[in-house]
Asker: 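Got a structure for you, written out below as structure tokens; questions coming shortly.
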Amino acid sequence: MLYLSHIASLGAIFQLPATGYALLYNGVMAVPTLPLSPTDRVFVLTGAGVSAESGLKTFRDQGGLWEGYRVEDVATPEAWDEDAARVWRFYSQRRRDAGQAEPNAAHRALAGLEQRLGDRFLLCTQNVDDLHERAGSQRLIHMHGELFVSRCEDNCGRPPFPDRSLYESEEAIARCACGARIRPHIVWFGEMPLEMERIQREIDRSTVMLVVGTSGAVYPAANFVRWAGPRVRKVYIGPEEPMNAAAFTQIVLGNAGEVLPGLLQVV
Ligand code: OAD
């Protein structure tokens, strides 16, 4: 079983300065385009970094979300049991922020790549915002859930539903038809990420893996690069090396919105 988890220490991220956008992992300057053949299948994993240039906070960067909140207070089933209103206040603020944000050049470049590749493309995001779909992505998995969706806390059988409401107090929390409270459709730590079988299948048949803007601190997503076969090209894009850097074929240092439009000019 693969539950959402993260490593105990976040202090070991090896910081490199953002030196532009074309540094190969072995230190050789790379041409910032991604060559793709007509038979390549591309699996993309994105994290909070892809939405950073849209003004949304990442989790672990300086000033990030986890600097202002403890994971245990807002992103675990225990936190929900202890103080559901506190949890909803956190996600209500996330709803406000994401509702005001707009997709950036990185979201649009990934949607453009999907247009060109069709079924040979899958985008798996750890992000719960809706910026990928608003940029036009369709072959998309939200493995950590969706911010603008809620569901019954008791899993009574009624399906998750679209919800943009803000709940700031225990009394304000809406009730499911079964009487239980509704909760965010978010995968909390200790819960199972969504659609893992489909993700595993798509990784198995991919020939290229692009990982964008994720620190490599949260599992199972941090292991996807290791699940991919040895012949899969594995490229990381972000301003600093992720914690799982050694597993990549190539690391392209830079902001996603600056790197991806050029990188994905497929040749
Ligand atoms: P993190 O905050 O851990 O990592 C964000 C990454 O984005 C860092 O490695 C940054 O270097 C990078 N970054 C910052 N700005 C960027 C930019 N402009 N372009 C590209 N990269 C940039 O966020 P995640 O790895 O996404 O889970 O976190 C994974 C999960 O942990 C989240 O889905 C969330 C969190 O706890 C849940 O809440 C369920």
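Note that ligands are numbered from 1 as they come in the structure, with each ligand's atoms numbered from 1 the same way. Heavy-atom basis, side chains included; hydrogens, waters and symmetry copies ignored.
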Asker: Between R120 and D40, is there a salt bridge with N-O shorter than 4.0 Å?
Answerer: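 No salt bridge links D40 with R120.
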Asker: Could you name the protein residues that come within less than 4.0 Å of ligand 1, counting only heavy atoms, and order them by chain and residue number?
Answerer: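 Lining ligand 1 at under 4.0 Å, by heavy atoms, one finds L4, G47, A48, G49, A52, E53, T58, F59, R60, D61, W66, Q126, H144, V187, F189, G213, T214, S215, V218, Y236, G238, P239, E240, N255, A256.
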Asker: How about Q126 and T46: does a side-chain donor come under 3.5 Å of a side-chain acceptor?
Answerer: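 Looking only at side-chain atoms, T46 and Q126 do not form any donor-acceptor pair under 3.5 Å.
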Asker: Within 45 degrees of the axis of the six-membered ring of Y91 and under 6.0 Å from its centre: does R95 put its NZ or CZ there?
Answerer: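 No, R95 and Y91 do not form such a contact.
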Asker: side-chain contact (heavy atoms from CB on, under 4.5 Å) for R201 and D204? Distances and angles first, verdict last.
Answerer: CA-CA 5 Å; R201 250 193 339 266; D204 285 349; 5.6 Å; no
Asker: Count the heavy atoms of every other residue, nucleotide or ligand shown that sit under 6.0 Å from CD of Q115, and state whether that count exceeds 12.
Answerer: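 Not buried by this count: 12 neighbours or fewer within 6.0 Å.
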Asker: Show every ring-ring contact (aromatic ring centres under 6.0 Å, His included) that has at least one partner inside residues 109-168, sequence neighbours left out.
Answerer: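 Found W88-Y167, H107-H132.
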